[in-house]
**Student:** 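For reference, the structure I am asking about is given below.
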Amino acid sequence: MSNKTSVISQDLLQEQLRFCGQINDYWKSRGVTPTAYVETYGCQQNEADSERIRGILSESGYAIVRQAENADVVVMNTCAIREHAEQRVFGNLGALTHTKRRHPGQKIFLCGCMAGQEQVVQRIKNSYPHVDGVFSTHHLWQFAEILYRVLTGKKRQFYTADEPGSIAEGLPQVRDNKLKAWVSIMYGCNNFCTYCIVPYVRGRERSRKWEDILEECRQVLSDGAKEITLLGQNVNSYGKDLDQGVDFADLLLKIAELPGDFLIRFMTSHPRDASQKLFDAMASSPKIAKQLHLPFQSGSSRVLKAMNRHYDREKYLEAVNYAKAVMPELVLTSDVIVGFPGETEEEFEQTLSLIEQVRYDSLFTFIFSPRPGTPAATMEDPTPKEEKNRRFDKLCALQNQISEEIHSSYIGKTFRCLIDGTDKDALTARTEGGRLVRLSGDPALIGTFQPVTITGSTTWSLTGNLAEKD
Ligand code: SAH
Ligand code: SF4
Ligand code: F3S
């Protein structure tokens with residue numbers, strides 16, 4: 001297979017760093033330390049992108065602040081996955097007119113997945129004149145240049161040309177959490193599920209070289225990370241676009257060989273290429289968390305076909321059964337869509353029966369939201385909204401009951417947990433399966449793995465006590 005992934009050259013990246021230097025000079029000559037606020041919507045992929053945006057801002061001399069009020073730069077890193085997500089952004093973007101009126105020098109940018117849609121870009125051009133710059137995910141690596149042009153010129157900047165996508169290595173990064181690091185292993189998606197906007201706004205699937213990923217993992221571990229979450233829309237197809245002979249399972253094992261006490265998580269896996277090799281790799285290493293987010297979307301094979309998911313109910317259950325057989329302690333979570341166009345009552349019941357069969361620890365539940373430009377947006381959809389809401393409530397009630405049952409079965413058991421922060425007076429921790437536990441203890445324990453005995457549970461979380469180490 002040929003190497004189709006295009007990588008931004010180091011010369012071009014150096015040019016961007018020179019823009020950072022020029023922005024620094026711009027502020028120094030005014031004797032000001034500028035401030036910037038980045039607001040992130042959507043998934044972990046966007047969280048990881050925001051860390052690069054903050055990196056570029058910080059390299060340009062900006063201090064990162066926690067609110068838009070009085071900030072010299074505001075960046076809205078947006079999500080387009082459902083209509084509701086977009087409405088929230090437009091609402092908050094509208095509110096920034098007031099913030100900017102109070103601080104007229106403020107520069108406002110919109111980026112992320114919404115910026116990859118032509119109709120959104122047009123709407124910003126026409127109706128949101130206070131937005132100074134828009135750039136899609138493909139142009140994130142050029143943010144320093146965009147910011148410099150906005151600061152020094154009068155014109156608004158739009159970097160939104162559609163592209164298959166590229167990879168930019170070595171962008172500066174300011175990580176939000178030293179203990180838990182996001183590491184993107186690939187970008188984009190080739191799956192074109194019929195309801196989903198992601199392939200249109202994030203371009204084709206492209207994998208980073210395994211050496212670059214390993215180097216980043218080494219770096220975050222030496223900076224104190226105890227948990228690494230590998231990110232991609234479909235991590236199981238990692239490496240298919242490269243000739244490096246390393247697939248996702250191989251990559252996991254390479255990272256697990258790095259020295260130190262840490263856990264590896266990943267998301268998201270697509271059931272289509274969830275291989276036995278992957279589950280065997282997970283089972284073989286104590287550093288790979290026994291946690292799997294495996295979205296099923298629907299329990300009906302007919303609906304799955306209409307969604308273009310490339311697996312059916314049986315194949316999904318086969319994968320889950322194998323994974324549970326080799327990892328009895330596996331914690332499973334998933335995504336499900338209710339009310340896909342044409343979903344019948346019987347097909348919905350099949351979704352419920354799959355949930356009962358698999359018994360997920362928790363589920364992310366969504367009502368179908370038509371996304372302009374995707375095939376499902378124009379499919380016939382006779383089911384009324386009220387009926388979809390009824391199905392949604394029924395599904396959530398079932399899942400809540402299952403989550404509660406699974407959580408209460410944890411009581412009395414002891415799990416190795418990473419103590420990761422505080423919530424009011426309590427410490428917070430995560431089990432290897434990713435479940436949240438609250439406990440009392442010394443904040444000096446933050447950043448360490450500790451045995452925790454579970455003493456109580458709710459639908460959403462657990463409470464516990466520190467146990468004696470053996
Ligand atoms: N790449 C991941 C999912 C990313 S989007 C995967 O394939 O598993 C996260 C979830 O949002 C999806 O799993 C799906 O359940 C939901 N979703 C995506 N598009 C949607 C839409 N148009 N309406 C409702 N839910 C949607
Ligand atoms: Fe969207 Fe499907 Fe790609 Fe996931 S795999 S990002 S649901 S198109
Ligand atoms: Fe949203 Fe883009 Fe993630 S659409 S869910 S932020 S990939």
Side-chain angles (χ1 to χ4, degrees), residues 39-50 53 76-89 110-117 120 136-138 140 165 182 184-206 230-238 240 266-274 292-299 303-304 306-311 316 319 332-341 343 351 355 360 362-379 381 385 388 391-392 395:
E39 185 152 297
T40 312
Y41 300 79
C43 65
Q44 287 81 0
Q45 209 90 68
N46 259 16
E47 298 282 351
D49 284 350
S50 284
I53 293 168
M76 306 269 268
N77 189 8
T78 64
C79 171
I81 202 81
R82 283 170 292 277
E83 195 185 346
H84 177 72
E86 295 198 349
Q87 281 166 349
R88 257 183 74 209
V89 169
L110 182 134
C111 64
C113 293
M114 280 171 72
Q117 298 179 97
V120 171
S136 65
T137 60
H138 300 315
L140 187 154
W182 308 120
S184 299
I185 62 166
M186 58 198 297
Y187 305 96
C189 182
N190 286 352
N191 280 312
F192 288 96
C193 302
T194 52
Y195 50 81
C196 185
I197 194 73
V198 172
Y200 303 88
V201 294
R202 283 199 175 259
R204 296 294 60 73
E205 215 162 78
R206 47 212 192 271
L230 306 176
L231 298 179
Q233 290 303 340
N234 178 14
V235 292
N236 303 350
S237 55
Y238 170 77
K240 285 187 182 166
F266 55 88
M267 65 189 315
T268 297
S269 301
H270 193 299
R272 169 190 193 169
D273 2 62
L292 185 64
H293 184 67
L294 195 64
F296 71 101
Q297 313 298 1
S298 167
V303 173
L304 287 170
M307 288 175 163
N308 193 33
R309 290 288 288 180
H310 295 280
Y311 57 86
Y316 182 86
L332 258 171
T333 57
S334 194
D335 296 347
V336 55
I337 298 177
V338 171
F340 184 78
E343 179 193 68
T351 292
I355 293 172
Y360 297 97
S362 67
L363 270 183
F364 295 91
T365 52
F366 306 106
I367 294 184
F368 169 72
S369 168
R371 304 284 60 224
T374 63
T378 51
M379 288 179 188
D381 191 6
K385 194 165 168 278
K388 291 190 181 188
R391 288 181 192 170
F392 184 76
L395 187 152

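The shown structure was predicted, so the numbers you read here are calculated from the model rather than taken from an experiment. Whatever order the structure lists them in is the order used to number ligands and atoms, beginning at 1. Numbering of residues begins at 1 and proceeds along the displayed sequence.
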**Student:** Keeping to distances under 2.8 Å, can you name the protein N/O/S atoms close to atom 3 (Fe) of ligand 3?
**Tutor:**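 For atom 3 (Fe) of ligand 3, the protein N, O and S atoms that sit under 2.8 Å away are Cys43 SG.
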
**Student:** Quick one: which ligand 1 atoms are inside 4.0 Å of a heavy atom on Phe368?
**Tutor:**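 By the 4.0 Å cutoff, the relevant atoms are 23 (N), 24 (C).
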
**Student:** I want to know if ligand 1 touches Ser269 in the polar sense, i.e. an N/O pair below 3.5 angstrom.
**Tutor:**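 For ligand 1, there is no N or O atom that lies under 3.5 Å from one belonging to Ser269.
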
**Student:** Is it the case that ligand 1 has an N or O less than 3.5 angstrom from some N or O of Arg371?
**Tutor:**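 By distance alone, the answer is no.
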
**Student:** Which atoms from ligand 1 have a heavy atom of Gln297 less than 4.0 Å away?
**Tutor:**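 The list of qualifying atoms is 12 (C), 13 (O), 14 (C), 15 (O).
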
**Student:** Are there more than 12 heavy atoms of other residues, nucleotides or ligands under 6.0 Å from atom NE2 of His310?
**Tutor:**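 Yes - once you tally the heavy atoms of other residues, nucleotides and ligands closer than 6.0 Å, there are more than 12.
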
**Student:** Can you tell which part of Tyr195 has a heavy atom less than 4.0 Å from ligand 1: side chain, backbone, both or neither?
**Tutor:**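 Tyr195 to ligand 1: contacts from backbone and side chain alike.
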
**Student:** Please report which non-hydrogen protein atom sits nearest to atom 7 (S) of ligand 2, along with the residue it belongs to and the distance in Å to one decimal place.
**Tutor:**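 Protein heavy atom at minimum distance: Tyr195 OH, 3.4 Å.
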
**Student:** Would you please determine whether Ile337 falls within less than 4.0 Å of ligand 1 on a heavy-atom basis?
**Tutor:**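 Ile337 counts as a contact of ligand 1 under the 4.0 Å cut-off.
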
**Student:** Test of understanding: with side-chain contact (heavy atoms from CB on, under 4.5 Å), list the residues that count as partners of Thr378, not counting sequence neighbours.
**Tutor:**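 Not a single residue meets the side-chain contact (heavy atoms from CB on, under 4.5 Å) criterion with Thr378.
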
**Student:** Of all the heavy atoms in Ile367, does at least one lie under 4.0 Å from an atom in ligand 1?
**Tutor:**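 Ile367: in contact with ligand 1 (<4.0 Å).
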
**Student:** Test side chain to side chain contact (heavy atoms under 4.5 Å, CB included) on Tyr316 and Gln297 and set out the steps.
**Tutor:** CA-CA 11 Å; Tyr316 182 86; Gln297 313 298 1; over 6 Å; no

**Student:** Are the side chains of Ile367 and Arg391 in contact, using a 4.5 Å heavy-atom criterion?
**Tutor:**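 No; the side chains remain at least 4.5 Å from each other.
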
**Student:** Do any N or O atoms from the side chain of Asn236 and from the backbone of Ser269 form a donor-acceptor pair under 3.5 angstrom?
**Tutor:**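 Pair absent, no side-chain N/O of Asn236 close to backbone of Ser269.
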
**Student:** Let's go through Val235 and Met267 carefully: what are the C-alpha distance in whole Å and the side-chain angles of both, what is the deciding distance for side chain to side chain contact (heavy atoms under 4.5 Å, CB included) to 0.1 Å, and is it a yes or a no?
**Tutor:** CA-CA 7 Å; Val235 292; Met267 65 189 315; over 6 Å; no

**Student:** Backbone or side chain, does any N or O of Thr268 fall under 3.5 Å from an N or O of ligand 1?
**Tutor:**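 Looking only at distances, the answer is no, because the N/O contact criterion of under 3.5 Å is not met.
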
**Student:** May I ask which of Met307, Arg272, Gln233 has a heavy atom nearer to atom 2 (C) of ligand 1 than the others do?
**Tutor:**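 Nearest heavy atom to atom 2 (C) of ligand 1 lies in Gln233.
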
**Student:** What are the atoms of ligand 1, with element, lying closer than 4.0 Å to any heavy atom of Pro295?
**Tutor:**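 Counting atoms of ligand 1 from 1, those under 4.0 Å from Pro295 are 8 (O).
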
**Student:** Looking at ligand 1, is there an atom of it that comes within less than 4.0 Å of some heavy atom belonging to Gln45?
**Tutor:**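 No, that is not the case, since the closest heavy atom of the residue is not under 4.0 Å from the ligand.
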
**Student:** Which residue and non-hydrogen atom of the protein lie closest to atom 5 (S) of ligand 1, and at what distance in Å?
**Tutor:**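 For atom 5 (S) of ligand 1, the nearest protein heavy atom is Ile81 CD1, 3.5 Å.
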
**Student:** In Å and rounded to the nearest 0.5 Å, what is the CZ to SG distance from Arg82 to Cys196?
**Tutor:**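 If we round to the nearest 0.5 Å, Arg82:CZ and Cys196:SG are 9.5 Å apart.
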
**Student:** Might you work through the ring pair (Phe, Tyr, Trp, His ring centres under 6.0 Å) test for Phe266 and Tyr238, ending with a clear yes or no?
**Tutor:** CA-CA 12 Å; Phe266 55 88; Tyr238 170 77; over 10 Å; no

**Student:** Against ligand 1, does Asn234 come closer than 4.0 Å with any heavy atom?
**Tutor:**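 Not so, Asn234 does not reach ligand 1.
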
**Student:** At less than 4.0 angstrom from any non-hydrogen atom of Arg82, what atoms of ligand 1 do you find?
**Tutor:**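 Numbered from 1, ligand 1 contributes 11 (O), 16 (C), 17 (N), 23 (N), 24 (C), 25 (N), 26 (C).
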
**Student:** Is there side-chain contact between Thr374 and Tyr195, with heavy atoms separated by less than 4.5 Å?
**Tutor:**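 In short, these two side chains do not touch, never coming nearer than 4.5 Å.
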
**Student:** Mind listing the side-chain donor-acceptor pairs of residues 185-193 below 3.5 Å, one per line with the distance, residues two or more places apart or on another chain?
**Tutor:**
residue : atom : partner : partner atom : Å
Asn190  : OD1  : Arg204  : NE           : 3.1
Asn190  : OD1  : Glu205  : N            : 2.9
Asn191  : OD1  : Arg272  : NH1          : 2.6

**Student:** Do the side chains of Leu332 and Phe296 get nearer than 4.5 Å, heavy atoms only?
**Tutor:**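 They are not in side-chain contact.
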
**Student:** List the steps and the verdict of side chain to side chain contact (heavy atoms under 4.5 Å, CB included) for Leu110 and Val89.
**Tutor:** CA-CA 9 Å; Leu110 182 134; Val89 169; 4.0 Å; yes

**Student:** For the atom pair OG1 (Thr40) and CG (Asn46), what is the distance rounded to the nearest 0.5 Å?
**Tutor:**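 Spacing of OG1 (Thr40) from CG (Asn46) equals 7.0 Å.
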
**Student:** Counting only nitrogen or oxygen atoms and a 3.5 angstrom limit, does His270 reach ligand 1?
**Tutor:**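 Checking ligand 1 against His270, no N or O pair falls under 3.5 Å apart.
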
**Student:** What part of His293 sits under 4.0 Å from ligand 1 if we count only heavy atoms: the side chain, the backbone, both or neither?
**Tutor:**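 Neither; no heavy atom under 4.0 Å.
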
**Student:** Identify whether the distance between the nearest side-chain nitrogen and carboxylate oxygen of Arg371 and Glu86 falls below 4.0 Å.
**Tutor:**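 Salt bridge flag = yes for Glu86 with Arg371.
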
**Student:** Side chains of Lys240 and Asp273: does their closest heavy-atom pair fall under 4.5 Å?
**Tutor:**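 They are in contact (side-chain heavy atoms under 4.5 Å apart), so the answer is yes.
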
**Student:** Any non-hydrogen side-chain atom of Arg309 less than 4.5 Å from a side-chain atom of Pro271?
**Tutor:**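 Result yes, sub-4.5 Å side-chain heavy-atom pair found.
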
**Student:** For ligand 1, is any non-hydrogen atom under 4.0 Å from Ser369's backbone (N, CA, C, O), its side chain (CB onward), both, or neither?
**Tutor:**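 Looking at Ser369 and ligand 1, atoms from backbone and side chain both fall under 4.0 Å.
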
**Student:** Let's go through Thr351 and Val338 carefully: what are the C-alpha distance in whole Å and the side-chain angles of both, what is the deciding distance for side chain to side chain contact (heavy atoms under 4.5 Å, CB included) to 0.1 Å, and is it a yes or a no?
**Tutor:** CA-CA 9 Å; Thr351 292; Val338 171; 5.8 Å; no

**Student:** What atoms of ligand 1 come within less than 4.0 Å of a heavy atom belonging to Asp335?
**Tutor:**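 Reading through ligand 1 atom by atom, the close ones are 9 (C), 10 (C), 12 (C), 13 (O), 15 (O).
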
**Student:** Can you tell me how far apart CZ (Phe366) and CD1 (Ile337) are? Round to the nearest 0.5 Å.
**Tutor:**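 One finds 8.0 Å between CZ of Phe366 and CD1 of Ile337.
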
**Student:** For the CE atom of Met76 and the SG atom of Cys111, what is their distance to the nearest 0.5 Å?
**Tutor:**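 The CE atom of Met76 sits 10.0 Å away from the SG atom of Cys111.
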
**Student:** May I ask you to list the atoms of ligand 1 that are less than 4.0 angstrom from any heavy atom of Arg309?
**Tutor:**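 Numbered from 1, ligand 1 contributes 7 (O).
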
**Student:** For a distance under 2.8 Å, give residue and atom name for each protein N, O or S atom next to atom 2 (Fe) of ligand 2.
**Tutor:**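 As for protein N, O or S atoms lying under 2.8 Å from atom 2 (Fe) of ligand 2, they are Cys193 SG.
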
